[in-house]
Engineer: 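Provided herewith is a single structure, encoded as structure tokens, for subsequent inquiry.
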Amino acid sequence: MGTADQHHNLMADRYLDEMADILADIHKKLDYVAFAQVMKDVYPNGIPKSFYKSLAWEGLKETRADRDTEKITVQPPLKSPLKKVKEAKEFARYGLKKL
């Protein structure tokens, strides 16, 4: 059984890749070509899996994995996983209008 937090932690730990694949499959059925065209300057080789993984994190807020991700730091020009998640959400929400 387990608590909701335990379930979300399990999803973050074990199923993030699968959730990203499902989001990508769904997106291809929902006017993917138009979105990819708008995003071609940001993603010239198509929408990467990392974009969908970032979106999958949206449903995993306040999990142990989410808190651990917030602690990861990297040196520029690299981007932290949290920065990538935030950028993917912004692109999904606003496209290039925010850039």
Engineer: Output the distance between atom CG (D17) and atom CD1 (I22), rounded to the nearest 0.5 Å.
Structural biologist: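 Between D17 CG and I22 CD1, I get 11.0 Å after rounding to 0.5 Å.
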Engineer: Where do P48 and Y43 come nearest, in terms of heavy atoms and distance?
Structural biologist: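 Taking every non-hydrogen atom into account, CD-CD2, 3.3 Å.
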Engineer: With rounding to the nearest 0.5 Å, note down the distance linking CG in L55 to CD1 in I26.
Structural biologist: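 Output value for this atom pair is 11.0 Å.
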Engineer: Could you measure the distance from the CG atom of L16 to the NZ atom of K49? Nearest 0.5 Å is fine.
Structural biologist: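 It is 8.5 Å, given to the nearest 0.5 Å.
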Engineer: Fit a plane to each ring of F51 and H27, take the angle between them on a 0 to 90° scale, and name the class: parallel (under 30°), tilted (30 to 60°) or perpendicular (over 60°).
Structural biologist: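 Answer is parallel, since the angle falls under 30°.
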